[in-house]
Amino acid sequence: QVQLVESGGGLVQAGGSLRLSCAASGRTFSSYVMGWFRQAPGKEREFVAAISWSGRRTYYADSVKGRFTISRDNAKNTVSLQMDSLEVEDTAVYSCAADLSVSYYYSDQGYDYWGQGTQVTVSS
């Protein structure tokens, strides 16, 4: 089992940057696929990015490709999401998620463990 705690959210102007972090408990963090999802008010939760257990494979939603970068440090039990060139449409609660085996990395149904989320607000 793993517990996840996100940090790094906040208010930023359009075009700015933020870096989200997700700290995980547990000794088997390096075995988990990690993902970031977001949910804006009145909208369904959507996939943002995911990273394999080794960090060698990364996946991104088309809407953030080229602007966001997911990374992980298995020695520190953390996964990060560097968000650059932020847009107003990126405003949402961002949550990290984990699972030992994910068939469809872009589906929130594939992740068993979730953090509480951190608010990201991008102003125009």
Do Glu6 and Trp36 come close enough that some side-chain heavy atom pair is under 4.5 Å? yes
Applying the 4.5 Å side-chain criterion to the ILVMFWY set and letting contacts propagate, would Tyr111 and Tyr106 be lumped into a single cluster? yes
Arg45/Asp108 salt bridge by N-O under 4.0 Å criterion: yes
Quick one: are Ser80 and Arg19 in side-chain contact, heavy atoms under 4.5 Å? yes
Would you say the side chain of Val122 lies within less than 4.5 Å of the side chain of Glu89, judging by non-hydrogen atoms? no
Both conditions, 6.0 Å and 45 degrees, for the charged tip of Arg72 above the ring of Phe29: are they met here? yes
Is it the case that one hydrophobic cluster holds both Leu100 and Val79, taking links as side-chain heavy atoms less than 4.5 Å apart, direct or via other members? yes
Min side-chain heavy-atom separation Val120-Leu18 under 4.5 Å: yes
Student check: side-chain heavy atoms of Met83 and Leu20 closer than 4.5 Å: yes
Could you state whether Tyr94 and Ile70 fall into the same hydrophobic cluster, counting links through intermediate Ile, Leu, Val, Met, Phe, Trp or Tyr residues with side-chain heavy atoms under 4.5 angstrom apart? yes
After noting the C-alpha distance and the side-chain angles of Asp73 and Thr78, does the key distance pass the side-chain hydrogen bond (donor to acceptor under 3.5 Å, both in side chains) rule? CA-CA 5 Å; Asp73 186 336; Thr78 58; 5.0 Å; no
Student check: side-chain heavy atoms of Phe68 and Val48 closer than 4.5 Å: yes
Between Val33 and Asp99, is there a side-chain heavy-atom distance shorter than 4.5 Å? no
Contact between Gln116 and Leu4 at the side-chain level, heavy atoms closer than 4.5 Å - yes or no? no
Parallel, tilted or perpendicular, judged at 30° and 60°: which one describes the rings of Phe37 and Phe47? perpendicular
